[in-house]
Amino acid sequence: QLQLVESGGGLVQSGGSLRLSCTASGFELGLYAIGWFRQAPGREREGVACISPGGRTKYEDSVEGRFTISRDNAKNTVLLEMNSLKPEDTGRYFCARRLVLCRPGPGEYDSWGQGTQVTVSS
């Protein structure tokens, strides 16, 4: 059964750090790009970071230099390290898969996890 499960969210003060995990099962992770997206109340889902099967990474401008995405295909896991967190990083974070290449739009991804909540207090 295909599944993506996010974990690691929580409440953190501004300037703090969190590590999110996306654990994949039921498919060959190494064939897929994995994107992290976030959605705040009343806002559209937006891409945060993506990593291709070969390890090429892309970041949304506001997180560049603060977030790091990485993958370990042997462990079926994609991580999102988030540092220097800001209140505007608050939202529900989702991971999603897309065959081969990263793309910015959420509609390009065919399977999603349930998300994990990140709240950054000021």
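Inspection of the Y109 and R98 side chains reveals no N or O donor paired with an N or O acceptor under 3.5 Å.
Checked against the 6.0 Å centroid criterion, the rings of W36 and F67 do not qualify as a close aromatic pair.
In this structure, the separation between CG on L31 and CG on L99 is 7.0 Å, given to the nearest 0.5 Å. C22 SG to I69 CD1: the interatomic distance, rounded to the nearest 0.5 Å, is 8.5 Å. For the atom pair Q114 CD and F94 CZ, the distance stands at 8.0 Å (nearest 0.5 Å). Here the straight-line distance linking atom CD of Q13 with atom OG1 of T119 works out to 13.0 Å at 0.5 Å rounding. Separating the CG atom in L18 from the CG atom in L11 is a distance of 9.0 Å, to the nearest 0.5 Å. Rounded to the nearest 0.5 Å, atoms CZ (R43) and CZ (R38) are 8.0 Å apart.
Nearest heavy-atom pair across P104 and F37 is O-CE2, 3.7 Å.
At distances below 3.5 Å, not a single donor-acceptor pair connects side-chain atoms of R103 with backbone N or O atoms of E108. Judged by distance alone, the side chain of Q39 and the main-chain N or O of G91 form no donor-acceptor pair under 3.5 Å. Proximity of a side-chain donor or acceptor of E81 to a complementary backbone N or O of T68 within less than 3.5 Å is not detected.
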Can you check side chain to side chain contact (heavy atoms under 4.5 Å, CB included) on R66 and D89, steps first, answer last?
-> CA-CA 11 Å; R66 299 189 297 122; D89 294 317; 2.8 Å; yes

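In this view, R97 and Y32, D110 satisfy the side-chain hydrogen bond (donor to acceptor under 3.5 Å, both in side chains) rule, not counting sequence neighbours.
Membership of an apolar cluster is not assigned to L79, as no side-chain contact below 4.5 Å to another ILVMFWY residue is traced.
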